[in-house]
**Student:** 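Dropping a structure here in C-alpha cells format, bear with me for questions.
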Amino acid sequence: MMSEQNLKPIREGKVREIYDNGDSLIIVATDRISCFDVILKNKVHKKGTVLTQMSKFWFDMTEDILPNHMISVDVNDMPEFFRQERFDGNTMMCRKLKMFPVECIVRGYITGSGWASYQKDGTVCGIRLPENLRESDKLPEPIYTPSTKAEIGEHDANISYEQSEDYLAEQFGEVGRIYAKKLKEYSIALYKRCADYARTKGIIIADTKFEFGLDEEGNIVVGDELLTPDSSRFWPVEGYEPGHGQPSFDKQFARDWLKANPDNDWTLPEDVVEKTINKYLSGYEMLTGKKL
C-alpha cells in the first residue's frame with residue numbers, strides 16, 4: 001500500500017491522474033477538458049464522474065467478451081487518501097497492465113478525419129470504401145483503423161492494420177502479429193455489442209477508441225476508459241440524417257466553438273461549458289437509464 005502522505009500522481013494525462021497503489025493503480029478522471037490535444041483553461045464540473053461511471057457501465061456489460069482492468073469505483077475500497085469528496089464517483093481502482101502502444105479505433109460511420117480522407121481518395125486509413133457515401137453515412141460494416149500513441153502535445157499517427165502487425169511484432173516479437181489480430185477482433189466485437197445496445201437507447205456510437213494491455217498471465221485485457229464521450233463520438237438517433245455533420249453528446253460542442261473563435265486563448269465561455277456538461281449528463285442518462 002502507498003503511504004498516505006500528500007500523494008502525488010505517478011502520471012498525469014490530459015484528463016486523468018494515475019496513482020500507484022502497489023499491486024493496483026488508482027485512476028482519477030478530472031474535470032479537465034482537452035480539445036485538439038490541448039488542455040483548456042476551463043473545468044467542466046462532473047465530467048470526470050460521467051467518464052468513470054460510464055466506463056464502469058460498459059465494463060460490466062462486456063466482461064463476457066473479454067476481461068477489463070476495473071477492480072472498484074467505491075472509494076471505501078481504496079486507501080484513506082481517496083475518501084475525500086473530490087475523488088468520490090470519478091475514481092477507479094484498476095489492475096496494472098502492460099499497455100499496447102496502439103489506440104484501437106473502430107468507425108461505424110463516416111465522419112471527422114475519416115470523411116476528410118474519403119473525400120480525397122475514397123479510402124480511410126488505407127481501407128477502400130464503397131462509392132458515393134455521404135458524410136455521416138453508416139458503413140456497411142464497422143472498420144478498424146488503429147493509430148500509434150503519441151506523447152502529450154504530439155498527434156497520434158494513423159497506421160494500417162498491416163502496419164499495426166509489424167509495429168507490434170517489433171515490440172513483442174512474432175507473437176505481436178497474433179496480438180494485432182486479437183486487438184482487431186476484440187475492438188470490433190466490443191463496438192458492435194455496445195453500438196447495438198446504444199442504438200436501442202437513442203444513441204448512435206459513430207466511432208470510438210479502445211486501449212488494451214496484457215495482465216500478468218499474458219491475457220489481453222481492456223483498459224483505460226470504455227465508450228465515453230471523450231473516447232467516442234455519440235450522436236442522437238433522433239434527427240440523424242446523413243449528408244452533413246451531426247450534433248453530438250461529447251466535446252464536439254466545445255471543439256466547434258473553438259474553431260469558430262480562433263482567438264479563444266483555449267478558454268470557453270461559461271454557457272459553452274454548461275452546454276458541454278449537459279451533453280455528457282444526457283448521454284449518460286440515456287445509456288444507463290440512471291441519473292448521476
Side-chain angles (χ1 to χ4, degrees), residues 9 11-18 27-55 58 90 102-117 119 124-125 135-136 145-158 203-211 224-236 244-284 287 292:
R11 232 187 83 210
E12 283 197 61
K14 292 189 278 279
V15 172
R16 283 181 178 63
E17 294 173 350
I18 302 178
I27 301 178
V28 180
T30 68
D31 289 340
R32 295 194 290 263
I33 180 168
S34 85
C35 294
F36 310 113
D37 289 334
V38 175
I39 299 168
L40 304 190
K41 292 178 180 170
N42 309 76
K43 291 276 202 307
V44 179
H45 180 58
K46 278 246 179 282
K47 174 176 168 279
T49 305
V50 173
L51 299 182
T52 299
Q53 298 301 324
M54 201 178 271
S55 288
W58 294 119
N90 62 343
V102 287
E103 296 203 327
C104 299
I105 297 161
V106 180
R107 303 168 191 260
Y109 292 73
I110 182 106
T111 183
S113 61
W115 170 242
S117 164
Q119 284 177 292
V124 174
C125 299
E135 183 177 6
S136 309
T145 60
S147 77
T148 59
K149 281 187 199 173
E151 293 301 311
I152 286 191
E154 293 175 20
H155 291 283
D156 299 336
N158 290 332
I203 289 181
I204 290 168
I205 302 177
D207 51 35
T208 191
K209 75 173 171 78
F210 302 109
E211 298 206 23
D224 198 53
E225 59 186 325
L226 192 57
L227 288 146
T228 70
D230 270 17
S231 66
S232 322
R233 227 182 287 249
F234 291 169
W235 298 336
H244 53 80
Q246 308 298 310
S248 63
F249 283 96
D250 57 17
K251 55 191 178 182
Q252 195 56 44
F253 201 84
R255 285 194 203 103
D256 292 346
W257 187 87
L258 292 167
K259 266 193 194 151
N261 297 274
D263 53 352
N264 55 61
D265 192 30
W266 302 110
T267 307
L268 300 170
E270 221 27 65
D271 65 314
V272 175
V273 172
E274 195 58 32
K275 284 175 178 158
T276 300
I277 190 54
N278 287 342
K279 288 276 186 203
Y280 277 74
L281 287 168
S282 123
Y284 175 82
L287 285 168
L292 200 59

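Hydrogens, waters and symmetry mates play no part in the numbers below; they use all other heavy atoms, side chains included.
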**Student:** Got Trp235 and Ile203 here, is their nearest side-chain heavy-atom distance under 4.5 Å?
**Tutor:** no
**Student:** Answer yes or no: is there a side-chain heavy-atom contact under 4.5 Å between Ile33 and Asp230?
**Tutor:** no
**Student:** Rounded to the nearest 0.5 Å, how far apart are CD of Glu103 and OG1 of Thr145?
**Tutor:** 10.5 Å
**Student:** Can you tell me which residue pairs pass the side chain to side chain donor-acceptor pair (under 3.5 Å) test with a partner in residues 260-272, sequence neighbours excluded?
**Tutor:** Lys41-Asp265
**Student:** Under the rule for salt bridge (Lys or Arg N to Asp or Glu O under 4.0 Å), what residues qualify as partners of Lys279, not counting sequence neighbours?
**Tutor:** none
**Student:** Report the distance from atom CD1 of Ile110 to atom OG of Ser136, rounding to the nearest 0.5 Å.
**Tutor:** 9.5 Å
**Student:** Are the side chains of Arg107 and Ser113 in contact, using a 4.5 Å heavy-atom criterion?
**Tutor:** yes
**Student:** Between atom OG1 of Thr208 and atom CD of Glu225, what is the distance when rounded to the nearest 0.5 Å?
**Tutor:** 8.0 Å
**Student:** With rounding to the nearest 0.5 angstrom, report the NE2 to CH2 distance, His244 to Trp115.
**Tutor:** 12.0 Å
**Student:** Just wondering, do Ile204 and Gln246 contact through their side chains at under 4.5 Å, heavy atoms?
**Tutor:** no
**Student:** Check whether any side-chain heavy atom of Ile18 lies under 4.5 Å from a side-chain heavy atom of Pro9, and answer yes or no.
**Tutor:** no
**Student:** Any side-chain heavy atom of Met54 sitting closer than 4.5 Å to one from Pro229?
**Tutor:** yes
**Student:** How far does CG of Asn90 sit from CZ of Arg16, to the nearest 0.5 angstrom?
**Tutor:** 10.0 Å
**Student:** Does Arg32 have any salt bridge (Lys or Arg N to Asp or Glu O under 4.0 Å) partners at least two apart in sequence or in another chain, and if so, which?
**Tutor:** Glu12, Glu17
**Student:** Should the heavy atoms of other residues, nucleotides or ligands under 6.0 Å from CZ of Arg255 be counted, would the total exceed 12?
**Tutor:** yes
